[in-house]
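Structure record follows, encoded as structure tokens.
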Amino acid sequence: MIKITNNAFDPWQELSTFQLEMRRDGEYGACANFIGTMRDMNEGDAVNGMFLEHYPGMTEKHLEKIVQRAKGQWDLLETLVVHRVGELLPNDPIVLVAVWSAHRKDAFEASRFIMEDLKSKAPFWKKENLSSTNQRAEKNRWVKKNTSGY
Amino acid sequence: MIKITNNAFDPWQELSTFQLEMRRDGEYGACANFIGTMRDMNEGDAVNGMFLEHYPGMTEKHLEKIVQRAKGQWDLLETLVVHRVGELLPNDPIVLVAVWSAHRKDAFEASRFIMEDLKSKAPFWKKENLSSTNQRAEKNRWVKKNTSGY
Amino acid sequence: MYEETMPIKVLYFASLKELFGRSEQQLSIDGLSTVEDVWRRVSEGYDVSQQVLYSINQEYAQADSLVKSGDEVAFFPPVTGG
Amino acid sequence: MYEETMPIKVLYFASLKELFGRSEQQLSIDGLSTVEDVWRRVSEGYDVSQQVLYSINQEYAQADSLVKSGDEVAFFPPVTGG
């Protein structure tokens with residue numbers, strides 16, 4: 001399942017609900033998941049908040065494509081991707097990627113693959129609202145580029 | 001934190017509670033975690049239940065050592081390892097490994113490292129109780145060896 | 001010589017949306033245009049120092065991909081989600 | 001020639017506990033004994049076809065590790081947790 005949401009979400013609640021509803025009891029031996037959360041510091045600056053923009057339509061399609069590629073490459077039972085958009089505050093969860101499989105190798109590798117593809121290709125953009133204590137001209141700045149996770 | 005427990009545990013509840021209590025709001029950008037769950041099939045046989053034995057003392061010490069090695073190798077904020085022992089039923093969570101860090105590379109790599117070391121070296125032993133529908137002499141069998149996760 | 005006018009929709013995101021002061025625009029292009037031709041036209045007179053990515057109909061496109069009538073073309077900076 | 005009797009505690013886990021019918025045993029060993037010497041003594045007469053791992057004082061030990069007075073020695077099959 002792929003969800004883009006304007007509302008704050010609780011990753012543990014999402015995982016708990018999805019896992020119950022997917023009805024795979026006894027089938028999955030492994031669940032690997034990743035949660036990306038907004039920090040209150042970035043590149044040495046205190047951050048007050050963040051705006052997350054996306055490309056409605058293309059974002060969902062692209063995430064769907066990543067998940068399908070992962071399913072072709074590994075033996076997966078279920079996948080869940082949740083991504084927040086809109087106005088965020090520090091400590092808000094931004095992204096959740098979860099993968100269920102019979103064996104752990106598939107879950108570990110697929111969850112990381114999906115997350116790295118999402119970070120490098122899914123059309124989302126972050127604009128940070130810097131704290132007023134920063135002695136800088138720009139109070140708002142677009143994040144320039146995601147760093148590689150490998 | 002390292003917990004060995006005789007009681008069934010809810011991984012999402014453990015994660016939720018631990019994350020609140022660790023008081024790292026705004027610091028962590030990444031949480032990677034893994035949950036191993038008991039399946040109702042293994043090596044082609046239906047499994048009714050499982051007994052998980054451990055070596056009290058050595059198990060905790062060994063897990064502590066794994067976590068310390070991971071902390072030496074990656075930049076980690078917090079780690080949580082929960083492992084079930086005693087009598088288990090299919091779909092019961094067996095193990096939870098969770099890692100919090102500022103950046104995702106550390107969380108991804110450390111969580112897998114801890115999990116693989118746990119599977120290959122931490123002193124736990126599984127005995128399966130096979131379903132009566134199996135036409136076999138032995139109704140209970142010790143699992144012989146964990147497979148590699150790489 | 002045969003010529004036709006092809007309507008396309010152009011979208012801008014993030015810093016490009018701010019730079020151009022709009023998120024969407026209808027354009028007519030003539031003949032064989034690549035997505036880079038469209039980009040040169042819309043960005044003429046602007047100082048765009050950053051890397052720009054292209055998509056056609058919500059799929060990533062190379063600079064020399066051809067744009068056809070009715071396409072949805074988008075321009076945006078490197079992505080920073082997750 | 002100096003000789004002393006050294007008390008040690010020996011633990012068995014999983015299938016080895018079942019094979020020997022006990023989880024714990026007090027032993028006295030003489031002189032310089034390796035953990036493998038202890039294993040040969042306790043497993044004498046038993047058919048142990050599987051791989052056996054050794055620990056001394058709750059740390060993995062090599063076959064030729066020396067056991068000293070008061071040590072806790074354990075024997076167990078390959079681990080299968082997680």
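Computed from a predicted structure; not experimentally measured. Numbered from 1 within each chain, the chains take letters A, B, ... in sequence-line order.
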Evaluation steps, salt bridge (charged side-chain N to carboxylate O under 4.0 Å, His left out), between B:Lys65 and D:Glu59 = CA-CA 10 Å; B:Lys65 214 183 306 175; D:Glu59 303 253 1; 2.8 Å; yes

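B:His62 touches chain D through its side chain: at least one heavy atom from C-beta onward sits under 4.5 Å away, while N, CA, C and O do not. If you measure heavy-atom distances from B:Ser120 to chain D, the contacts under 4.5 Å come from the backbone alone. Residue contact with chain D, scored on non-hydrogen atoms closer than 4.5 Å, involves the backbone and the side chain of B:Lys145 alike. With a threshold of 4.5 angstrom between heavy atoms, B:Lys119 approaches chain D through its backbone and through its side chain. Using a 4.5 Å cut-off between heavy atoms, D:Leu53 does not touch chain B at all. For chain D, the nearby part of B:Met115 is the side chain; its heavy atoms alone come within less than 4.5 Å.
Among all heavy-atom pairs drawn from B:Asn146 and D:Val79, the shortest one is ND2-O, 3.8 Å.
In this structure, the side chains of B:Glu60 and D:Gln58 stay at 4.5 Å or more apart for every pair of heavy atoms. Side chains of B:Met58 and D:Ser55 form a contact here, defined as non-hydrogen atoms less than 4.5 Å apart. In this structure, B:Glu53 and D:Lys17 have side chains that are in contact, with non-hydrogen atoms separated by less than 4.5 Å.
Side-chain N or O atoms of B:Trp125 include one that pairs as donor or acceptor with a backbone N or O of D:Pro77 at under 3.5 Å. Using a distance-only test at 3.5 Å, with no hydrogens or angles considered, a donor-acceptor pair links the side chain of D:Thr80 to the main chain of B:Lys126.
Open room surrounds CD on D:Gln62; 12 or fewer heavy atoms of other groups in view lie less than 6.0 Å from it. Under a cut-off of 6.0 angstrom, the local environment of NZ in B:Lys3 is sparse, with at most 12 non-hydrogen atoms contributed by other residues, nucleotides or ligands.
Using the six-membered ring where Trp is involved, D:Phe76 and B:Tyr55 have ring planes that are perpendicular, over 60° apart on the 30 and 60° scheme.
Between atom CZ of residue D:Phe13 and atom CH2 of residue B:Trp142 there is a gap of 10.5 Å, rounded to the nearest 0.5 Å.
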